[in-house]
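Have a look at the structure below before the remarks.
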Amino acid sequence: MKNVKKLHCGFVALMAVFALAFAGCAQSADDEDNAALENPTDANPDTDASGVEVLEAGDSVTVNVGESVTVKAEGKTAAEFTQSGLTITHKGDGVFEISADATMSDASVSVNFNDGTDSDDGIDITVYVYDPNYTLNITLDSVVAESAASISIYAEGKEADETEAALKQTVNATYTAGAASASAKLAKDKANSYKYFNNIVVTVKDSDGNEIDVETNPVYFCYTDADFTGITVSEAVTSKTFTINFEGFTIPGGSVTGLKYSTAWANSSSEWADDTTVTPTVTVAADGASATFSVASTSEFYIDWTAVVIKDSSDNEIAISSGNTEGNKWYSYSGIEWSNTLSYVTLTDSDYTNALVTAVSLPSNTASGSVVLLKSDLSIPSDALAFKIVYTTGSNDIVTSDTSWITLCSDASWANETKLVNAWETGFDANATSFTVYITDSDTVDAFKNGNFYIAADSANYTGTITITYAK
């Protein structure tokens, strides 16, 4: 009987501060306009004697929200465009003032400067309206709002140099005492290169200037993410309950040991300091389907899932790998993710009834020194839960107890190397007519599903075939 481990993500947020999973975030549908608005430049540097920029057809000009710029379109007296909040006024001699209301946001506007007649002598330019600030919406719960009189926001970009002052800012929010909402303007140029604001701290004070103990969710965001609507501020609590869910098994009367968390970041859990490491008491629910532990109030914490040991009421250890593969997992105390799922599913040999590869010979270049694709047209079903791989020897195979090996990998870089024939394995039988290996770990199964079956061997003298079946 084999243990199969399904992956269950008990959380979906990755910490933006390390920028590891992040390759950017939601952007404008018009990439060119968005790029121009994020990095506004004027295409035409020509100016007249007074220093006013002179426009030609195809040029662009940028005006910040709440500000104005002066330009010159020689020989023109009128400007035609459609954009609420944008005002273009002719000052005489082809000089125009372009103003953007403070209520405007990023926009790209096509403007035609002409002489006010029907003659076809106009020139088209693009006006980029750029808002250098991001308006952050803040929602307060009723308990906090009842006593709140003022609000300030601290945020940082936290780029490579984590102490760089240029990427830090503290701003006062626009707020009416007792209200359930507020807003604050964060300077976009203080976000990091992925357009993230990180390590957000909201300070709420009452009418006497006393700070109210609050927590914020989320504590980071990407300001171009269209799905982000703002942050919430709620009353702080002294501790919160974290839940460990069990799937595929229960342990009534069992135990969970080895769990630790740190309130300070380190490169790995092996570097956690004693004074910031906590070993909480984990309580198993009466039905054995979950367990809980408390986390005292802190800004963030890290859990070492790899050290967790699960035992049933008879002190038998449960083989778990789904949900316990991360040894330094970050959580935000004010975040919404307060659970993780550990699971396993037990399969028998009779569950591997679905054919994936049937009696395929090893590729001719298997012993080339590199892993090679077993079958180029192989399509692996998404519902595959585990794989059973069998090598059936050929009549002229040379299999020895000293050197023989055949290995499977999930990609051409030898990832997830799994020995199918292994002369160094205890009990290896060079006279066997078949060799079998099971791939059951959920992370490894997913790697093969997302990649393919690659193969390598110690020689090209294997004349047998490989058969792969899977359970679902």
Side-chain angles (χ1 to χ4, degrees), residues 9 11-43 45 60-67 100 104-108 126-138 152-173 183-202 216-232 264-268 299-300 302 326 328-337:
C9 295
F11 37 82
V12 296
L14 289 193
M15 184 171 65
V17 65
F18 300 116
L20 294 178
F22 302 98
C25 47
Q27 299 293 322
S28 167
D30 187 336
D31 289 340
E32 289 188 5
D33 284 352
N34 189 64
L37 292 169
E38 293 299 333
N39 302 284
T41 58
D42 293 340
S60 64
V61 64
T62 298
V63 56
N64 286 344
V65 169
E67 299 178 6
M104 287 191 70
S105 57
D106 294 340
S108 173
T126 300
V127 174
Y128 289 113
V129 179
Y130 177 66
D131 188 350
N133 297 309
Y134 174 81
T135 300
L136 174 64
N137 295 317
I138 306 159
S152 63
I153 311 293
Y154 168 85
E156 59 185 59
K158 202 173 183 68
E159 205 66 90
D161 181 356
E162 297 182 358
T163 62
E164 187 175 348
L167 296 178
K168 298 180 180 182
Q169 59 183 311
T170 300
V171 299
N172 292 322
S183 65
K185 291 187 178 296
L186 299 177
K188 292 178 181 177
D189 62 5
K190 291 183 179 294
N192 69 15
S193 58
Y194 297 97
K195 299 179 175 61
Y196 270 87
F197 292 110
N198 298 296
N199 297 336
I200 296 170
V201 177
V202 178
T216 305
N217 180 50
V219 294
Y220 62 87
F221 67 91
C222 173
Y223 73 75
T224 60
D225 184 355
D227 294 329
F228 175 72
T229 58
I231 63 176
T232 59
W265 179 82
N267 286 316
S268 70
S299 61
E300 60 187 9
Y302 303 80
E326 297 191 64
N328 196 27
K329 187 64 184 179
W330 174 85
Y331 293 89
S332 167
Y333 186 81
S334 61
I336 61 174
E337 299 302 327

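The first residue in the sequence is number 1, and the count goes up from there.
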**Report entry** Donor-acceptor under 3.5 Å (Gln169 side chain, Lys190 main chain)
**Finding:** no
Report task. May I ask you to test the Leu136-Phe197 pair for a side-chain heavy-atom distance under 4.5 Å? Result -> no
**Report entry** Between CG on residue Asp227 and CZ on residue Phe221, distance to nearest 0.5 Å
**Finding:** 14.0 Å
Query raised in the report: Say you draw a straight line from CD1 of Ile200 to OG of Ser299; how long is it, rounded to the nearest 0.5 Å?
Result: 13.5 Å
Report task. Using ring pair (Phe, Tyr, Trp, His ring centres under 6.0 Å) as the criterion, list what pairs up with Tyr154, not counting sequence neighbours. Result -> none
Requested in this report: Just do the side chain to side chain donor-acceptor pair (under 3.5 Å) check on Trp265 and Glu300 with the steps written out, would you?
Outcome: CA-CA 9 Å; Trp265 179 82; Glu300 60 187 9; over 6 Å; no
Query raised in the report: Rounded to the nearest 0.5 Å, how far apart are CG of Leu167 and CD of Glu156?
Result: 8.5 Å
Query raised in the report: Is the backbone N or O of Asp131 less than 3.5 Å from a side-chain atom of Asp106, with the two atoms forming a donor-acceptor pair by type?
Result: yes
Report task. For the residue pair Tyr134 and Tyr223, categorise the inter-ring angle as parallel (less than 30°), tilted (30 to 60°) or perpendicular (more than 60°). Result -> tilted
Requested in this report: Check whether any side-chain heavy atom of Ile138 lies under 4.5 Å from a side-chain heavy atom of Ile153, and answer yes or no.
Outcome: yes
Query raised in the report: With side chains defined as the heavy atoms from C-beta onward, is the minimum distance between Val219 and Tyr333 less than 4.5 Å?
Result: no
Query - Smallest separation among heavy atoms of Gly230 and Pro218, with atom names - result: O-CD, 3.9 Å
Report summary line: Residues Asn192 and Gly157: closest non-hydrogen pair is CB-O, 3.2 Å
Report task. Would you give the length of the straight line joining atom OH of Tyr302 to atom CD of Glu326, rounded to the nearest 0.5 angstrom? Result -> 13.0 Å
Query raised in the report: Got Asn133 and Thr135 here, is their nearest side-chain heavy-atom distance under 4.5 Å?
Result: no
Query raised in the report: Mind checking whether Val65 and Ser105 have side chains closer than 4.5 Å, heavy atoms only?
Result: no
Query raised in the report: Is the centre of the Tyr194 ring less than 6.0 Å from the centre of the Tyr220 ring?
Result: no
Query - Exam field: side chain Asn64 to backbone Pro132, donor-acceptor pair closer than 3.5 Å - result: no
Query raised in the report: For Asn217, does its backbone N or O pair with a side-chain atom of Thr232 as donor and acceptor, under 3.5 Å?
Result: yes
Query raised in the report: Should Val171 and Leu186 be marked as a side-chain contact (heavy atoms from CB on, under 4.5 Å) after you check the CA-CA gap, both sets of side-chain angles, and the distance that decides it?
Result: CA-CA 7 Å; Val171 299; Leu186 299 177; 3.7 Å; yes
Query - Within-4.5 Å side-chain heavy-atom neighbours: Tyr128 and Ser60 - result: yes
